[in-house]
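Worth saying up front: this structure is predicted, and the values here are computed from it rather than measured. Sequential numbering from 1 along the given sequence is applied to the chain's residues.
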Amino acid sequence: MGLVILTGFMGAGKTTAGIELGKKLNLPVYDTDQLLEEKHRMKVKEMFAEYGEEKFRNFETEMLQSLSDSPAIVTTGGGAVIKEENRHVLKTKGQIFFLHCDFDVLYERLKEDTARPLLKEKSKEQIEKLYESRLACYLDGSVTINTTGKTPEDIADDIISRL
Ligand SMILES: Nc1ncnc2c1ncn2[C@@H]1O[C@H](COP(=O)(O)OP(=O)(O)O)[C@@H](O)[C@H]1O
Ligand SMILES: O=C(O)C1=C[C@@H](OP(=O)(O)O)[C@@H](O)[C@H](O)C1
Ligand SMILES: [Mg+2]
(Lines give C-alpha, C1' and ligand atoms only; values in the text may rest on other atoms or scores of the structure.)
(Ligands and ions follow the chains in the order given, each with its own letter.)
Protein backbone atom coordinates (compact mmCIF):
# COMPACT_ATOMS: atom_id res chain seq x y z
CA MET A 1 0.00 0.00 0.00
CA GLY A 2 2.73 2.48 0.91
CA LEU A 3 1.95 6.02 1.98
CA VAL A 4 -1.29 7.91 1.40
CA ILE A 5 0.03 11.42 0.76
CA LEU A 6 -2.07 14.59 0.85
CA THR A 7 -0.93 17.69 -1.02
CA GLY A 8 -2.55 20.98 -1.91
CA PHE A 9 -2.41 24.69 -1.21
CA MET A 10 -2.35 26.20 2.28
CA GLY A 11 -5.80 25.97 3.85
CA ALA A 12 -7.03 23.10 1.67
CA GLY A 13 -7.49 20.98 4.79
CA LYS A 14 -4.60 18.52 4.36
CA THR A 15 -3.75 18.40 8.06
CA THR A 16 -7.42 18.20 9.10
CA ALA A 17 -8.56 15.60 6.53
CA GLY A 18 -5.41 13.56 7.19
CA ILE A 19 -6.43 13.10 10.83
CA GLU A 20 -9.89 11.85 9.74
CA LEU A 21 -8.30 9.52 7.22
CA GLY A 22 -5.95 8.09 9.84
CA LYS A 23 -8.89 7.36 12.14
CA LYS A 24 -10.92 5.69 9.40
CA LEU A 25 -8.04 3.58 8.08
CA ASN A 26 -6.50 3.00 11.50
CA LEU A 27 -3.12 4.19 10.23
CA PRO A 28 -0.58 6.55 11.79
CA VAL A 29 -0.66 10.15 10.52
CA TYR A 30 2.52 12.15 9.96
CA ASP A 31 2.25 15.85 9.20
CA THR A 32 5.57 16.96 7.72
CA ASP A 33 5.32 20.45 9.24
CA GLN A 34 4.72 18.94 12.68
CA LEU A 35 7.65 16.54 12.21
CA LEU A 36 9.88 19.48 11.24
CA GLU A 37 8.67 21.47 14.25
CA GLU A 38 9.53 18.55 16.56
CA LYS A 39 12.91 17.94 14.92
CA HIS A 40 14.03 21.56 14.92
CA ARG A 41 12.19 22.47 18.13
CA MET A 42 10.61 25.55 16.64
CA LYS A 43 7.46 26.55 14.78
CA VAL A 44 7.45 26.70 10.96
CA LYS A 45 7.05 30.45 11.24
CA GLU A 46 10.17 30.65 13.42
CA MET A 47 12.14 28.47 10.99
CA PHE A 48 11.31 30.89 8.17
CA ALA A 49 12.31 33.86 10.34
CA GLU A 50 15.52 32.25 11.63
CA TYR A 51 16.78 30.45 8.50
CA GLY A 52 14.76 31.76 5.54
CA GLU A 53 12.60 29.88 3.07
CA GLU A 54 15.44 28.22 1.13
CA LYS A 55 16.79 26.48 4.20
CA PHE A 56 13.27 25.52 5.31
CA ARG A 57 12.84 23.88 1.88
CA ASN A 58 16.05 21.92 2.43
CA PHE A 59 14.80 20.73 5.83
CA GLU A 60 11.52 19.76 4.13
CA THR A 61 13.31 17.77 1.40
CA GLU A 62 15.38 15.91 4.02
CA MET A 63 12.20 15.13 5.94
CA LEU A 64 10.41 13.76 2.86
CA GLN A 65 13.43 11.63 1.97
CA SER A 66 13.56 10.19 5.48
CA LEU A 67 9.92 8.98 5.48
CA SER A 68 9.46 5.23 5.53
CA ASP A 69 7.07 3.78 2.95
CA SER A 70 5.26 1.60 5.51
CA PRO A 71 1.48 2.18 5.37
CA ALA A 72 0.70 5.59 6.88
CA ILE A 73 -0.95 8.91 6.08
CA VAL A 74 1.42 11.78 5.28
CA THR A 75 0.08 15.32 5.17
CA THR A 76 2.55 17.68 3.53
CA GLY A 77 3.07 21.43 3.73
CA GLY A 78 1.61 23.33 0.78
CA GLY A 79 5.04 23.98 -0.74
CA ALA A 80 6.39 20.44 -0.46
CA VAL A 81 5.68 19.60 -4.10
CA ILE A 82 7.25 22.70 -5.63
CA LYS A 83 10.56 20.84 -6.12
CA GLU A 84 10.59 18.13 -8.77
CA GLU A 85 12.98 16.19 -6.54
CA ASN A 86 10.35 16.08 -3.77
CA ARG A 87 7.55 15.03 -6.12
CA HIS A 88 9.75 12.18 -7.33
CA VAL A 89 10.44 11.02 -3.77
CA LEU A 90 6.75 11.13 -2.87
CA LYS A 91 5.70 9.23 -6.02
CA THR A 92 8.07 6.40 -5.13
CA LYS A 93 6.70 6.12 -1.57
CA GLY A 94 2.95 6.04 -2.16
CA GLN A 95 -0.11 7.53 -3.79
CA ILE A 96 -0.46 11.30 -3.85
CA PHE A 97 -3.89 12.93 -3.46
CA PHE A 98 -4.20 16.61 -4.39
CA LEU A 99 -6.86 18.33 -2.28
CA HIS A 100 -8.26 20.84 -4.71
CA CYS A 101 -10.32 23.73 -3.36
CA ASP A 102 -11.68 26.91 -4.96
CA PHE A 103 -9.32 29.79 -4.29
CA ASP A 104 -12.03 32.04 -2.81
CA VAL A 105 -12.83 29.38 -0.20
CA LEU A 106 -9.14 29.00 0.63
CA TYR A 107 -8.73 32.73 0.94
CA GLU A 108 -11.63 33.01 3.39
CA ARG A 109 -9.85 30.40 5.57
CA LEU A 110 -6.45 32.07 5.27
CA LYS A 111 -7.14 35.79 5.40
CA GLU A 112 -6.87 36.10 9.20
CA ASP A 113 -4.07 33.52 9.52
CA THR A 114 -0.87 34.58 11.26
CA ALA A 115 0.87 31.17 11.49
CA ARG A 116 1.76 30.78 7.80
CA PRO A 117 4.81 32.91 6.96
CA LEU A 118 4.17 32.99 3.21
CA LEU A 119 0.88 34.86 3.70
CA LYS A 120 2.49 37.68 5.63
CA GLU A 121 1.87 41.08 4.05
CA LYS A 122 0.54 39.54 0.83
CA SER A 123 -2.56 40.76 -0.97
CA LYS A 124 -5.31 38.40 -2.11
CA GLU A 125 -4.02 38.82 -5.69
CA GLN A 126 -0.48 37.87 -4.69
CA ILE A 127 -1.67 34.77 -2.85
CA GLU A 128 -3.83 33.79 -5.83
CA LYS A 129 -0.78 34.14 -8.12
CA LEU A 130 1.17 31.80 -5.84
CA TYR A 131 -1.73 29.32 -5.91
CA GLU A 132 -1.88 29.43 -9.71
CA SER A 133 1.88 29.11 -10.09
CA ARG A 134 1.77 25.88 -8.06
CA LEU A 135 -1.21 24.17 -9.70
CA ALA A 136 0.88 22.17 -12.20
CA CYS A 137 3.02 20.84 -9.32
CA TYR A 138 -0.06 19.72 -7.39
CA LEU A 139 -1.47 17.97 -10.48
CA ASP A 140 1.76 16.10 -11.27
CA GLY A 141 1.33 12.39 -10.53
CA SER A 142 -1.62 12.87 -8.19
CA VAL A 143 -5.28 11.93 -7.95
CA THR A 144 -7.35 15.12 -7.59
CA ILE A 145 -9.95 15.25 -4.82
CA ASN A 146 -12.42 18.08 -5.15
CA THR A 147 -12.89 19.33 -1.59
CA THR A 148 -14.95 22.47 -2.15
CA GLY A 149 -18.04 22.32 0.08
CA LYS A 150 -17.01 19.01 1.65
CA THR A 151 -16.34 18.20 5.29
CA PRO A 152 -13.03 16.61 6.33
CA GLU A 153 -14.97 13.37 6.82
CA ASP A 154 -16.40 13.52 3.26
CA ILE A 155 -12.88 14.14 1.95
CA ALA A 156 -11.51 11.13 3.85
CA ASP A 157 -14.33 8.95 2.47
CA ASP A 158 -13.63 10.15 -1.07
CA ILE A 159 -9.94 9.27 -0.72
CA ILE A 160 -10.78 5.83 0.69
CA SER A 161 -13.08 5.13 -2.26
CA ARG A 162 -10.11 5.71 -4.58
CA LEU A 163 -7.53 3.60 -2.80
N1 LIG B 1 -13.17 20.54 4.80
C2 LIG B 1 -13.10 21.66 5.51
N3 LIG B 1 -14.15 22.49 5.56
C4 LIG B 1 -14.08 23.66 6.26
N5 LIG B 1 -13.00 24.08 6.94
C6 LIG B 1 -11.90 23.28 6.92
C7 LIG B 1 -11.90 22.04 6.21
N8 LIG B 1 -10.69 21.47 6.36
C9 LIG B 1 -9.96 22.32 7.12
N10 LIG B 1 -10.70 23.40 7.47
C11 LIG B 1 -10.22 24.55 8.26
O12 LIG B 1 -9.34 25.27 7.40
C13 LIG B 1 -8.17 25.68 8.09
C14 LIG B 1 -6.95 25.08 7.43
O15 LIG B 1 -6.97 23.66 7.61
P16 LIG B 1 -5.64 22.79 7.60
O17 LIG B 1 -6.04 21.37 7.80
O18 LIG B 1 -4.66 23.37 8.54
O19 LIG B 1 -5.16 23.01 6.11
P20 LIG B 1 -3.75 22.72 5.44
O21 LIG B 1 -3.02 21.71 6.28
O22 LIG B 1 -4.09 22.19 4.07
O23 LIG B 1 -3.08 24.04 5.35
C24 LIG B 1 -8.38 25.25 9.54
O25 LIG B 1 -8.92 26.35 10.25
C26 LIG B 1 -9.38 24.12 9.45
O27 LIG B 1 -10.17 24.00 10.61
O1 LIG C 1 2.57 26.55 1.06
C2 LIG C 1 3.66 26.64 1.67
O3 LIG C 1 4.73 26.92 1.10
C4 LIG C 1 3.68 26.36 3.13
C5 LIG C 1 2.59 25.70 3.69
C6 LIG C 1 2.50 25.42 5.12
O7 LIG C 1 1.76 24.21 5.35
P8 LIG C 1 0.16 24.10 5.14
O9 LIG C 1 -0.08 23.90 3.66
O10 LIG C 1 -0.23 22.92 5.93
O11 LIG C 1 -0.43 25.38 5.61
C12 LIG C 1 3.91 25.30 5.72
O13 LIG C 1 4.57 24.16 5.24
C14 LIG C 1 4.73 26.51 5.41
O15 LIG C 1 4.12 27.62 6.02
C16 LIG C 1 4.88 26.74 3.91
MG1 LIG D 1 -1.14 21.62 7.17
Restricting to non-hydrogen atoms, name the atom on Gly18 and the atom on Val29 that form the minimum distance, rounded to 0.1 Å. O-CG2, 3.5 Å
For Thr148 against Cys101, the heavy-atom pair lying closest together: OG1-CA, 3.5 Å
Tell me if a side-chain donor or acceptor on Glu38 pairs with a main-chain N or O of Leu35 at a distance below 3.5 Å. no
Can Thr76 and Lys14 be counted as having a side-chain donor-acceptor contact under 3.5 angstrom? no
Any ring-ring contact (aromatic ring centres under 6.0 Å, His included) involving residues 135-163? Give me the pairs, sequence neighbours left out, ordered by first then second residue. Phe98-Tyr138
Leu25 and Leu163: side chain to side chain contact (heavy atoms under 4.5 Å, CB included), yes or no, with the steps? CA-CA 11 Å; Leu25 293 175; Leu163 285 174; 3.8 Å; yes
Measure the acute angle between the ring planes of Phe56 and Phe48, then classify it against the limits of 30° and 60° as parallel, tilted or perpendicular. tilted
Check whether any side-chain heavy atom of His88 lies under 4.5 Å from a side-chain heavy atom of Lys93, and answer yes or no. no
Side-chain heavy atoms under 4.5 angstrom apart, residues restricted to Ile, Leu, Val, Met, Phe, Trp, Tyr: same cluster for Leu110 and Val105? no
Tell me whether Glu153 is salt-bridged to Lys24, with the criterion being a basic N under 4.0 Å from an acidic carboxylate O. yes
I would like to know whether Asp154 and Thr151 meet side chain to side chain donor-acceptor pair (under 3.5 Å); could you show each step before the answer? CA-CA 5 Å; Asp154 293 336; Thr151 65; 3.2 Å; yes
For the hydrophobic clusters of this structure (ILVMFWY residues joined by side-chain heavy atoms under 4.5 Å, transitively), does one cluster hold both Phe97 and Met10? no
Looking only at heavy atoms, which two atoms of Ala17 and Ala156 are closest? And how far apart? O-CB, 4.4 Å
Before you tell me yes or no, could you show the steps for His100 and Ile145 under side chain to side chain contact (heavy atoms under 4.5 Å, CB included), namely the whole-Å CA-CA distance, both residues' side-chain angles and the distance that decides it to 0.1 Å? CA-CA 6 Å; His100 181 271; Ile145 303 291; over 6 Å; no
More than 12 foreign heavy atoms under 6.0 Å from CD of Glu84: is that the case here? yes
Electrostatic pair Lys124:Asp104 at N-O distance under 4.0 angstrom: yes
Between Thr16 and Pro152, what is the shortest heavy-atom contact and its length? CG2-CG, 3.7 Å
In this structure, would Tyr30 and Met47 fall into the same cluster of hydrophobic residues linked by side-chain contacts under 4.5 Å? yes
Ion pair present between Glu108 and Lys111, side-chain N to carboxylate O less than 4.0 angstrom? yes
Does a side-chain N-to-carboxylate-O contact under 4.0 Å join Arg57 and Glu53? yes
Could you walk me through whether Leu6 and Ile159 pass the side chain to side chain contact (heavy atoms under 4.5 Å, CB included) check? CA-CA 10 Å; Leu6 306 192; Ile159 293 170; 3.6 Å; yes
Flag side-chain contact, heavy atom, 4.5 Å: Val81 against Asn86: no
Please tell me whether Leu3 and Ile96 are part of a single hydrophobic cluster in this structure, the criterion being side-chain heavy atoms less than 4.5 Å apart. yes
Indicate the ring-plane relationship of Phe59 and Tyr51, choosing parallel, tilted or perpendicular according to the 30° and 60° boundaries. perpendicular
Is the backbone N or O of Arg116 less than 3.5 Å from a side-chain atom of Lys120, with the two atoms forming a donor-acceptor pair by type? no
Look up atom NE2 in His40 and atom CD in Glu50, then write down how far apart they are to the nearest 0.5 Å. 11.5 Å
If only atom types and distance count, is the side chain of Asp69 paired as donor or acceptor with the main-chain N or O of Pro71 below 3.5 Å? no
According to a hydrophobic-cluster definition based on side-chain heavy atoms being under 4.5 Å apart (Ile, Leu, Val, Met, Phe, Trp, Tyr only), do Ile82 and Leu36 belong together? no
Qualifying residue, where the test is side chain to side chain contact (heavy atoms under 4.5 Å, CB included) with Thr75 and the options are Asp31, Leu99, Ile19: Asp31
Ion pair Lys129/Glu132, N-O distance below 4.0 Å: no
Near Lys122 NZ, under 6.0 Å, is it more than 12 heavy atoms from other residues, nucleotides or ligands? yes
Please determine whether a side-chain nitrogen of the Lys or Arg among Lys23 and Glu20 lies less than 4.0 Å from a carboxylate oxygen of the Asp or Glu. yes
